[in-house]
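Working notes, beginning with the structure itself.
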Amino acid sequence: MEFSEWYAEVLRSAEVMDVRYPVKGLYVWLPYGFEIRRRVIERLRRRLRETGHREVLFPTLIPETQLERESEHIAGFEDEVFWVTHGGLKELDEKLALRPTSETAIYPMFALWIRSHADLPLKVFQIVNTFRYETKHTRPLIRMREITTFKEAHTAHATREEAEEQVREAFELYSSFFEELGVPYVASVRPEWDKFPGAEYTVAFDTLMPDGRALQIGTIHMLGQNFSRTFEVTFETEEGEQEYAYMTCYGVSDRVVASVIAIHGDEHGLVLPPDVAPYQVVIVPILKKGVRKKILRKAREVREELSEVARVKLDDRDVSPGRKFHYWELKGVPLRVELGARELEEGTAVVFRRDELERETYSLSELPDVVPRLLEEVQENLRRRAWERFEERLHRAESLEEVREFVGEGIVETGWCGSEECGRRLEEEVEGDVLGTPYPEEREPEVERCPVCGEPAERTIRVAKTY
RNA sequence: GGGGCCGUGGGGUAGCCUGGUCUAUCCUUCCGGCUUUGGGGGCCGGAGACCCCGGUUCAAAUCCGGGCGGCCCCA
C-alpha cells in the first residue's frame with residue numbers, strides 16, 4: 001500500500017485524528033490520538049523544564065504593526081498569514097494576525113522584562129497552536145493550516161558565546177527527545193536561502209518517511225542580535241553599557257507525532273513506542289463457557305498486579321478474541337497478554353509483542369518482572385530498527401547522476417563547493433531540496449568535489465525530496 | 001505557480017458516459033435479539049447516503065456553471 005493511503009487509513013482507523021472537519025487543513029484530535037500527543041508533549045516539556053526553561057503562554061493574536069517590524073521575518077511569512085479583520089461587524093483599526101510563529105509576540109515583552117545582565121539568560125517556552133494559510137496539499141500532522149502543538153522555546157543571552165552554547169543545548173535536547181521516541185534524524189545547517197526568516201542560521205532536524213521523502217521535524221535558530229535590535233531587547237552590562245541581547249529560538253511541531261506513527265507503523269496499523277502508548281499492555285481474556293467467571297477474575301487480578309508496572313487495559317468486551325487482537329494491534333499497543341482456560345490451568349499467560357508480532361508463554365508469577373523488561377525491549381527494538389532503516393536510505397553520491405538516482409529514496413550526501421549558485425543548481429538538476437550541511441560541522445567532507453562545478457568540495461551537502 | 005481526477009449512509013463502493021421503475025447496489029459499520037468466543041463467527045430483524053448554491057429540463061445522483069472539500073502529477 002502506498003504511504004499516503006496507509007497514513008490516512010491508519011489515522012482514521014486507529015482513531016488518531018478525524019480528517020472530516022470541513023475546513024481545509026484543519027483536523028480533529030480524537031481521544032486516542034490526543035493521549036499519544038499528550039505523552040509526546042509531556043516528554044519534551046519535562047526536558048525543557050529540566051534544562052531551565054520556564055513555561056509561558058502568549059496570546060494568539062499579534063497586531064499588524066508588531067508582526068511587520070522585522071522586515072526580513074515578515075517577508076518570509078506574509079503570504080501565509082491569517083488575518084482577523086473584524087470585531088463583530090466593525091472593521092478593526094489595526095488588523096490582528098493569527099500567529100504564524102511567535103517571535104514578534106514574545107520579543108516586545110522580552111524588551112520589557114530584560115533590564116540588566118542579571119535577567120539573563122532568559123529561557124522560556126510555550127506549547128501553542130499556530131496558523132499558516134497553506135494553499136497546497138495539506139495533510140494531517142504534516143502540513144496543516146493550524147499547527148496544534150507547536151512547542152517553541154525562546155532565549156536571550158548576554159553574549160554570542162552563550163547563545164551559541166544555547167544552540168548546542170537545544171541540539172542535545174532535541175536529539176535525546178527524538179532518540180527517546182525512536183525517531184532517527186540528521187541535523188543540518190540549512191542553506192542561506194532556506195533559513196528561518198530573520199535568523200543568522202538555522203539548524204534543522206530531518207527524518208525520513210517510508211516513501212523516501214524527508215520530513216523536517218525540528219528547527220533551531222540562531223537569531224544573533226537581529227531580533228533584539230528590531231524589538232529593542234537591551235540590557236545593561238556589568239560595565240553599565242546598554243547592549244542588545246543575543247537570542248535563539250527553537251521548536252518542534254505535530255510532525256514529531258506524524259513521524260512516530262509513520263516510522264514505526266506497519267501493515268497491521270500503529271506500533272507505538274511504550275513511552276508514548278496510551279496503553280502499554282492490553283489483557284485479552286479468552287472466555288469459554290463454564291470457566292468464564294474464573295478467567296475474568298484472574299484477568300482482573302493480573303490487571304491489578306501489572307498496573308503497578310505499566311499502563312494496562314483489560315478488554316472484557318463481549319466480542320471474539322480474534323477481533324480484539326486485530327483491534328489492539330491496529331491501535332499499536334506494545335504488549336498483549338492472552339489469558340484463557342489453558343493458561344489458567346497452567347498458571348501461565350501468553351505475551352504477544354506488537355513490534356515483532358511474536359508470542360511467548362510466561363508463568364503468571366513472573367509477569368510483573370517480565371512486562372517492564374519487554375516494554376524496554378520493544379522501545380529499544382523500535383529505535384534500533386528505525387535507525388537501521390534510516391541509515392540504509394542515507395546515500396552518498398559523487399556525481400549528479402548518482403544524486404539523481406538516489407534522491408527519491410532517501411537523503412543523499414554529496415560534496416559542495418559552498419556557493420549558493422551550485423546549491424540551487426543542484427536542487428534543479430536532481431529535482432530535490434537541499435537540506436543543508438551537517439551539524440555539528442564535520443572536519444572533512446567525504447566527497448571530494450562539488451558535482452555541479454567540479455571544484456573541490458568544502459562541505460558535505462544533503463539533498464532529498466521533502467514534504 | 002501549472003495541469004488532471006474526484007465528491008453517493010459512519011468507512012469503502014455500484015449507478016453518472018446514454019436524465020425517467022433509483023422506492024439508489026454491494027461490502028463493512030452501527031443498534032436489537034438468539035447463538036457463539038484460542039486470529040476479524042453465524043442467523044434473524046433494524047438504522048443509515050446522492051457535498052452546497054444556481055441553471056437546463058415535463059423530469060437531475062446523472063447534464064451545465066460557480067463554491068466548498070479531497071486526491072494525484074508537473075514546476
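No hydrogens, no waters, no symmetry mates; every other heavy atom, side chains included, goes into these values. Below, chains carry the letters A, B, ... as their sequence lines are ordered, and counting in each starts from 1.
- Side-chain N/O atoms of A/R12 and base N/O atoms of B/G12 include no donor-acceptor pair closer than 3.5 Å.
- A salt bridge links A/E441 to A/R459: one of the charged nitrogens lies within less than 4.0 Å of a carboxylate oxygen.
- Evaluation of atom-type donor-acceptor distances gives a pair under 3.5 Å for the side chain of A/R292 against the base of B/U37.
- Judged by the 6.0 Å distance and 45° axis criteria, A/R311 is not positioned over the aromatic ring of A/Y279.
- Put simply, the side chain of A/E9 and the base of B/G12 share no donor and acceptor less than 3.5 Å apart.
- Following rounding to the nearest Å, A/K24 (NZ) and B/C51 (C1') show an atom-to-atom distance of 16 Å.
- Side-chain atoms of A/T65 and A/E94 form a donor-acceptor pair, as typed in the model, at a separation below 3.5 Å.
- Taking 4.0 angstrom as the limit, A/R20 places a side-chain polar atom (N or O) nearer than this to OP1 or OP2 of B/G11.
- A cation-pi arrangement, defined by a distance under 6.0 Å to the six-membered ring centre and an angle within 45 degrees of its axis, is present between A/R317 and A/Y327.
- Taking 4.0 angstrom as the limit, A/R323 places none of its side-chain polar atoms (N or O) nearer than this to OP1 or OP2 of B/G38.
- With A/F325 as the aromatic partner, A/R336 meets the cation-pi criteria of under 6.0 angstrom to the ring centre and within 45 degrees of the ring axis.
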Atom pairs, protein N/O to nucleotides 46-48 of chain B N/O, distance under 3.5 Å:
none

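- The 12-atom threshold is not exceeded at CD of A/E421, counting heavy atoms of other residues, nucleotides or ligands nearer than 6.0 Å.
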